[in-house]
Amino acid sequence: MSEHAIQLTINGRAHEARVESRLTLSDFLRGDAGCTGVHVGCEHGVCGACTVMVDGAAVRSCLMLAVQANGAAVTTVEGLADDDGTLHPVQQALRDEYGLQCGFCTPGIVMTLASLTGATPATDPDKVMNALSGHICRCTGYQGIRRAARRLAGLAPTQGAPTHG
Ligand code: FES
Ligand code: FES
């Protein structure tokens with residue numbers, strides 16, 4: 001199997017490696033770069049758990065090869081919070097609205113919503129809600145996740161007690 005030298009940025013840090021041509025980006029991020037917040041579920045693009053940002057766009061890292069990320073800026077869930085521990089607005093919204101249970105699906109959902117909202121908690125409501133349709137969660141029944149998404153889309157208050165249901 002042929003190997004290739006790649007250079008990329010992961011969560012703001014330069015990274016160099018030699019990778020087999022068949023290695024997926026998800027396995028590279030978990031195994032080589034130590035980003036175990038990248039969760040691998042279905043391994044064929046259905047569940048969304050492996051979603052990361054590549055040059056700012058949400059990407060299913062199980063469907064991308066590591067060599068294809070050569071020269072890119074990759075962000076995983078580990079790279080979202082500030083250095084002082086302040087959560088990204090998407091992380092905070094999911095936390096406030098009880099949008100997770102076991103947490104397996106959560107990093108992927110966080111990265112998809114973060115790719116849409118950036119650092120500001122307002123964006124196109126349809127886009128935000130539709131983006132959730134690409135993620136499978138076996139625990140929550142989606143209600144807390146939807147509340148968080150609605151909050152991020154500016155459809156619900158950003159402070160105060162969460163409204164359930
Ligand atoms: S592990 Fe990539 S979409 Fe499910
Ligand atoms: S919180 Fe468990 S799969 Fe979503």
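Atoms within each ligand, like the ligands themselves, are counted from 1 in listed order. What you see below is based on every heavy atom in this structure, not just the backbone, and it leaves out hydrogens, waters and symmetry mates. Quick caveat: nothing in here was measured; it's all calculated off a predicted structure.
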Trainee: Hey, which atoms in ligand 1 end up nearer than 4.0 Å to a heavy atom of V46?
Mentor: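 Under 4.0 Å from V46, ligand 1 has these atoms: 3 (S).
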Trainee: For atom 4 (Fe) of ligand 1, which candidate among G134, C47, C105, G48 provides the closest heavy atom?
Mentor: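 The residue whose heavy atom sits nearest atom 4 (Fe) of ligand 1 is C47.
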Trainee: Please list the nearest protein heavy atom to atom 1 (S) of ligand 2 with its residue and the distance rounded to 0.1 Å.
Mentor: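 Heavy-atom neighbour on the protein nearest atom 1 (S) of ligand 2: Q101 N, 3.2 Å.
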Trainee: Considering only heavy atoms of G45, which atoms of ligand 1 have at least one such atom less than 4.0 Å away?
Mentor: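 Matching atoms, with element in brackets: 3 (S).
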Trainee: Answer with yes or no whether the hydrophobic clustering places V54 together with I6; edges join I, L, V, M, F, W, Y residues whose side-chain heavy atoms lie under 4.5 Å apart.
Mentor: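 Same cluster: V54 reaches I6 through Ile, Leu, Val, Met, Phe, Trp or Tyr contacts under 4.5 Å.
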Trainee: In terms of atom number and element, which parts of ligand 2 are under 4.0 angstrom from non-hydrogen atoms of G103?
Mentor: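 Counting atoms of ligand 2 from 1, those under 4.0 Å from G103 are 1 (S), 2 (Fe).
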Trainee: If the condition is side-chain contact (heavy atoms from CB on, under 4.5 Å), which residues does E3 pass it with, not counting sequence neighbours?
Mentor: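 E3 satisfies side-chain contact (heavy atoms from CB on, under 4.5 Å) with R18, E20 once adjacent residues are dropped.
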Trainee: Which atoms of ligand 1 are found less than 4.0 Å from any heavy atom of C42?
Mentor: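 Selected atoms, number and element: 1 (S), 3 (S), 4 (Fe).
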Trainee: For ligand 2, which atoms have a heavy atom of C139 less than 4.0 angstrom away?
Mentor: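 Those of ligand 2 that fall under 4.0 Å from C139 are 1 (S), 2 (Fe), 3 (S).
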Trainee: For ligand 1, does T51 get within less than 4.0 Å through its side chain, its backbone, both, or neither, judged by non-hydrogen atoms?
Mentor: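 Neither; no heavy atom under 4.0 Å.
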Trainee: Specify whether an N/O/S atom of C137 falls short of 2.8 Å from atom 4 (Fe) of ligand 2.
Mentor: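 Yes, since at least one N, O or S atom of C137 sits under 2.8 Å from atom 4 (Fe) of ligand 2.
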Trainee: Working to the nearest 0.5 angstrom, can you tell me the gap between T140 OG1 and I145 CD1?
Mentor: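 If we round to the nearest 0.5 Å, T140:OG1 and I145:CD1 are 3.5 Å apart.
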Trainee: Taking atom 2 (Fe) of ligand 1 as the vertex, what is the angle from SG of C50 to SG of C62, given to 10 degrees?
Mentor: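 SG of C50 and SG of C62 make an angle of 100° at atom 2 (Fe) of ligand 1, to the nearest 10°.
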Trainee: For T106, which residues count as a side chain to side chain donor-acceptor pair (under 3.5 Å) partner, sequence neighbours excluded?
Mentor: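 So T106 forms no side chain to side chain donor-acceptor pair (under 3.5 Å) with any residue.
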Trainee: Establish, from distance only, whether the side-chain atoms of T112 and H135 form a donor-acceptor pair under 3.5 Å.
Mentor: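 Distance-only check passes for T112 and H135.
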Trainee: Give me the nearest non-hydrogen protein atom to atom 3 (S) of ligand 2 as residue plus atom name, then the distance to 0.1 Å.
Mentor: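 That would be R138 N, 3.3 Å.
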Trainee: Only one of C47, C105, C102 forms a side chain to side chain contact (heavy atoms under 4.5 Å, CB included) with R138, so which one is it?
Mentor: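 Among C47, C105, C102, the one meeting side chain to side chain contact (heavy atoms under 4.5 Å, CB included) with R138 is C102.
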Trainee: E43 heavy atoms, cut-off 4.0 Å: which ligand 1 atoms fall inside?
Mentor: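 In order of numbering, the contacting atoms are 1 (S), 4 (Fe).
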Trainee: Is the CZ atom of R146 crowded by more than 12 outside heavy atoms at less than 6.0 Å?
Mentor: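 Check fails, neighbour count at 12 or below.
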Trainee: Can you see which heavy atom on L80 is nearest to which on M111, and at what distance?
Mentor: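 Minimum heavy-atom contact is CD1-SD, 3.7 Å.
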